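The structure appears right after this line, and notes come after that.
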Protein chains: 2
Amino acid sequence: MALEHAILVSLLERPGSGYELASRFDRSIGRFWTATHQQIYRVLRRMETDGWVVVEHVAQDGRPDKKVYSATGPGRQAVAAWLREPVEPETVRHELAVKIRAAAFSDPAELIPEVERHRAGHAALLERYLTGADRDFPDPDVLDAQEQLQHVVLRGGIEYERMTLAWLDDVLATLHRLARTPSNPQD
Amino acid sequence: MALEHAILVSLLERPGSGYELASRFDRSIGRFWTATHQQIYRVLRRMETDGWVVVEHVAQDGRPDKKVYSATGPGRQAVAAWLREPVEPETVRHELAVKIRAAAFSDPAELIPEVERHRAGHAALLERYLTGADRDFPDPDVLDAQEQLQHVVLRGGIEYERMTLAWLDDVLATLHRLARTPSNPQD
DNA sequence: AGTGCCATGTAACCAGTTACATGATTGC
DNA sequence: GCAATCATGTAACTGGTTACATGGCACT
């Protein structure tokens with residue numbers, strides 16, 4: 001399980017409430033780990049009883065009170081211990097790839113709009129990464145350790161999106177080729 | 001849910017037993033969808049009662065009997081209907097990326113062996129893809145529709161591994177740089 | 001009047017993982 | 001004798017998703 005650790009890393013970078021964590025998981029951290037607010041609240045309570053985080057109740061006016069969480073010493077140690085454990089290989093769930101193979105048993109042309117939709121999504125994400133990189137790391141040669149590590153992860157996201165865009169173009173070309181030569185497999 | 005559909009696609013490509021499906025999920029299909037045999041047996045039974053697949057009991061001598069499953073007409077229609085539904089965006093789970101950011105709160109040098117282990121795993125996988133591509137698609141210009149779609153998915157896997165290798169080199173360079181300049185953040 | 005943001009939660013369900021169980025055959 | 005391969009399953013658990021609930025403030 002790594003959601004605990006993802007939350008701890010986020011709290012080490014900056015303390016915050018469950019709500020704030022949920023919005024971070026929708027933005028930056030969401031690039032490589034997703035979580036809903038329900039999950040986050042549940043895990044935060046568990047980590048509090050484990051002593052990995054502490055809460056500070058903050059009253060606000062004009063908006064609801066919030067509970068600001070911070071990582072504790074034991075929490076930091078838990079992260080360090082987890083870093084020393086080997087990561088199991090990622091379990092892949094690539095639904096679009098399954099669909100592309102499935103297209104052989106239906107009409108490949110039908111998949112084109114879906115692939116185009118994905119392409120547009122990835123293009124938009126790449127744009128967001130690039131503008132985010134410009135904004136958050138305007139001078140990539142002067143970064144402290146934490147920023148360098150954040151930056152190299154962001155570079156990974158950018159390269160992933162570029163690769164994916166190129167591949168989706170390859171997929172689209174293949175689908176268009178198949179649409180032009182109507183073989184109609186077993187239908 | 002897409003495990004049903006991944007199994008159906010695999011059975012459309014070729015009928016097989018739960019055991020055979022499990023080994024396919026360890027090889028080719030495992031590139032973009034994973035499943036254990038327990039899961040596969042459970043889903044096959046559900047799909048049988050739904051009429052998406054049919055079983056044929058095959059007695060064998062020298063080895064245990066097996067139940068060979070095939071996709072039915074309704075199964076094929078279920079795949080076609082699923083193809084027309086939009087795919088939800090993939091939920092990403094990239095544990096290594098979390099660890100790289102976590103390294104800022106521990107010793108970045110400690111992560112180097114782990115990243116090298118990953119690099120070796122991805123390099124081995126790329127090799128396997130490349131030899132598999134040579135073996136299964138020796139002449140990529142003469143492929144039928146099904147093979148073309150399988151091939152474009154394989155190309156995606158190859159490009160993904162290449163990109164990942166390049167990124168892991170980038171990560172390693174970053175970690176080595178940080179190890180040379182001991183900043184030691186909050187320890 | 002309606003939408004969106006801030007903020008926290010409960011409850012039910014479903015998918016996926018881990019552990020355990022059985023048993024014959026083939027090869028080292 | 002031991003491990004690997006073929007072959008199918010049960011049971012318990014855990015992590016993640018979906019639906020539902022509450023309520024004030026700011027903006028259009």
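Every chain is numbered from 1 and lettered A, B, ... according to where its sequence line falls, protein lines coming before strand lines. Small disclaimer: the values here were computed from a predicted structure and weren't measured.
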Worked check of salt bridge (charged side-chain N to carboxylate O under 4.0 Å, His left out) between B/R84 and A/E114: CA-CA 8 Å; B/R84 267 173 243 123; A/E114 173 80 346; over 6 Å; no
When rounded to whole Å, the CD to C1' distance for the pair B/E88 and C/dA15 reads 13 Å
inquiry  = Check for me whether B/R31 meets the cation-pi criterion with B/Y129, that is, NZ or CZ under 6.0 Å from the six-membered ring centre and within 45 degrees of the ring axis.
reply    = yes
field: Salt bridge present between B/E13 and A/R101 (N-O < 4.0 angstrom)
entry: yes
Note to self: What's A/T34 touching, base or sugar-phosphate or nothing? Going by heavy atoms closer than 4.0 Å.
What the structure shows: nothing
Residue set satisfying side chain to side chain donor-acceptor pair (under 3.5 Å) with B/R46, at least two apart, ordered chain then number -> B/E4
Quick one, B/Q77 with B/W82, criterion side chain to side chain donor-acceptor pair (under 3.5 Å). Give me CA distance, side-chain angles, the key distance, then yes/no.
CA-CA 8 Å; B/Q77 277 161 36; B/W82 169 70; over 6 Å; no
5'-most contact on DNA chain D (nearest-nucleotide basis), B/E20 vs B/T91, goes to B/E20
Q. So, is the end of the A/R93 side chain (NZ or CZ) under 6.0 Å from the ring centre of B/W33 and within 45° of the ring's axis?
A. yes
What residues 36-65 of chain B contributes to the DNA chain D interface at heavy-atom separation below 4.0 Å is B/H37, B/Q38, B/Y41, B/R45, B/Q60, B/R63, B/P64, B/D65
Distance alone, cut at 3.5 Å: any donor-acceptor contact between the side chains of A/H176 and A/R180?
no
Identify whether the distance between the nearest side-chain nitrogen and carboxylate oxygen of A/R162 and A/E159 falls below 4.0 Å. yes
Span of DNA chain D engaged by chain A, first through last nucleotide within the 4.0 Å heavy-atom cut-off, is D/dG15 to D/dC25
